[in-house]
Chemist: 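Below you'll find the structure I mean.
Computed from a prediction, not measured in an experiment: that's the story for all the values here. The first residue of the sequence shown is numbered 1, and numbering continues consecutively from there.
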Amino acid sequence: MKLFLEKKQMIFDFDDTERLVDIDKHYENVKQLKNSLSDDREKYRQFSQELNLNIRTVESCIDTYEKSLLISCYTFSEKSMKNLIYELIDKGNHSNDYTNKFIENKVPSNKYVPDVRIQEIEKSISDLESGFKLILPKNLHEFTIYSEMIRERHSYAHAYNYLFDFDNFKLVINVLKYLSFEYHLLIDYKEKRRVILLSLQKIKRLSIEITKVKRELRSKRYPKIKEIRTEAKKFVERYSDDFMQYELLQPIVGSLREISGINLRTPLNEIHDIYSKCEKIKNYL
């Protein structure tokens, strides 16, 4: 059942939903051009000759279009984070003019540039929302690729070096969509987000305790098996529709569905399968 995010509101004055649609289109256009050039290079050569163009000019245009995707992804991350902070502090909307002026001096609209590395995003938000943690762990593979994107953007901006692997853009875009989801949860559904985080933390804690049981002592009657199954069922029923909209969150739902389907009447020779299902969820939390 879908409980929230039926319609996203803008973050401060930034329509992140629309911008993500634009980035998706940008990515698909570049992919189509690159694949087309790779598959039909001779046709492009003939096309270039007919127009009295060097094929390198066509290739250069595609390369430039790809590089602009890198800038778009980075700009989105920076803009959405900046506007999240402005949203949380209600920038410029206080009844006290001195408060508005103080905030503008601290985070000026024309100069404030947030650090959008994952660990710094968490830190900046936790300065305002004590104890804030992202739902997903910072060692996630997609976050590593996202960090590479940030480094490549700086390298390209300062030295015109561009080495980013185009195949990784899809992962980066998935991170941007996930961060947008997190920001909207924080803005509009803070209490629900807190409940979600507590539920996932409990499931992780149970999974760790379960997988510490030695293989020779494992039993389907171990009480924490039933407890984690119950928690998984509740989570899937409440949040799976919302989580399944985001590729980074889909593995969590998949693993929790497996756990919620654990059969406590399973034959003893299949007992280790129950424990492996519980162990799997640790990789995503």
Chemist: With no hydrogens and no angle check, is any side-chain donor or acceptor of Ser38 less than 3.5 Å from a backbone partner on Asn35?
Modeler: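 Checked: no pair found.
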
Chemist: Among Ile125, Val113, Asp115, whose side chain to side chain contact (heavy atoms under 4.5 Å, CB included) with Met81 holds?
Modeler: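 So, applying the side chain to side chain contact (heavy atoms under 4.5 Å, CB included) to Met81 and each of Ile125, Val113, Asp115, only Ile125 qualifies.
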
Chemist: Got a salt bridge between Glu120 and Lys123, using NZ or NE/NH1/NH2 to carboxylate O under 4.0 Å?
Modeler: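 Here Glu120 does not pair with Lys123 in a salt bridge, since their nearest N and O are not under 4.0 Å apart.
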
Chemist: Charged N to carboxylate O under 4.0 angstrom, Lys177 versus Glu247?
Modeler: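 No, this pair does not count.
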
Chemist: Look at Lys101 together with Glu104 and state whether they make a salt bridge at an N to O cut-off of under 4.0 Å.
Modeler: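 No, no charged N to carboxylate O under 4.0 Å.
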
Chemist: Which heavy-atom pair separates Ile23 from Ser72 by the least distance, and what is that distance?
Modeler: CD1-O, 3.9 Å

Chemist: More than 12 foreign heavy atoms under 6.0 Å from CG of Asn110: is that the case here?
Modeler: yes

Chemist: Can a salt bridge be assigned to the pair Lys31 and Glu28 using a cut-off of 4.0 Å between side-chain N and carboxylate O?
Modeler: yes

Chemist: Run Glu209 and Lys212 through salt bridge (Lys or Arg N to Asp or Glu O under 4.0 Å) and show every step you take.
Modeler: CA-CA 5 Å; Glu209 292 177 14; Lys212 282 183 177 179; over 6 Å; no

Chemist: Could you check whether Glu237 pairs with Lys234 (Lys NZ or Arg NE/NH1/NH2 to Asp/Glu carboxylate O, under 4.0 Å)?
Modeler: no

Chemist: Go through the steps for Phe143 and Tyr146 under the test ring-ring contact (aromatic ring centres under 6.0 Å, His included), then give the verdict.
Modeler: CA-CA 5 Å; Phe143 287 164; Tyr146 169 83; 7.1 Å; no

Chemist: Does a side-chain N-to-carboxylate-O contact under 4.0 Å join Asp273 and Lys277?
Modeler: yes

Chemist: List the steps, then state whether ring-ring contact (aromatic ring centres under 6.0 Å, His included) holds for Phe243 with Phe235.
Modeler: CA-CA 10 Å; Phe243 270 45; Phe235 192 94; 5.2 Å; yes

Chemist: Give me the ring orientation class for Tyr246 and Phe181: parallel if the planes are under 30° apart, tilted from 30 to 60°, perpendicular past 60°.
Modeler: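 Aromatic pair Tyr246/Phe181 classed tilted.
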
Chemist: Shortest non-hydrogen contact from Ile228 to Ser207?
Modeler: CD1-N, 3.8 Å

Chemist: Work out which heavy atom in Ile145 is nearest to a heavy atom in Val172; give both atom names and the distance.
Modeler: CG2-CG2, 4.0 Å

Chemist: Side chains of Glu182 and Tyr178: any donor to acceptor distance under 3.5 Å?
Modeler: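 Tyr178 vs Glu182: donor-acceptor pair found between side chains.
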
Chemist: Should the pair Phe47 and Tyr44 be assigned to parallel (<30°), tilted (30 to 60°) or perpendicular (>60°) ring geometry?
Modeler: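 Phe47 and Tyr44: perpendicular rings.
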
Chemist: Over 60° means perpendicular and under 30° means parallel, so classify the ring planes of Phe14 and Phe76, tilted if in between.
Modeler: tilted

Chemist: Has Tyr86 got a side-chain atom pairing as donor or acceptor with Val107's backbone, closer than 3.5 angstrom?
Modeler: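 Yes, the answer is positive, given that a donor and an acceptor are paired below the 3.5 Å cut-off.
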
Chemist: Do Arg19 and Asp22 sit within salt-bridge range, that is, some charged N less than 4.0 Å from a carboxylate O?
Modeler: yes

Chemist: Given side-chain hydrogen bond (donor to acceptor under 3.5 Å, both in side chains), test Tyr183 with Glu87 step by step and report yes or no.
Modeler: CA-CA 10 Å; Tyr183 298 165; Glu87 184 80 44; over 6 Å; no

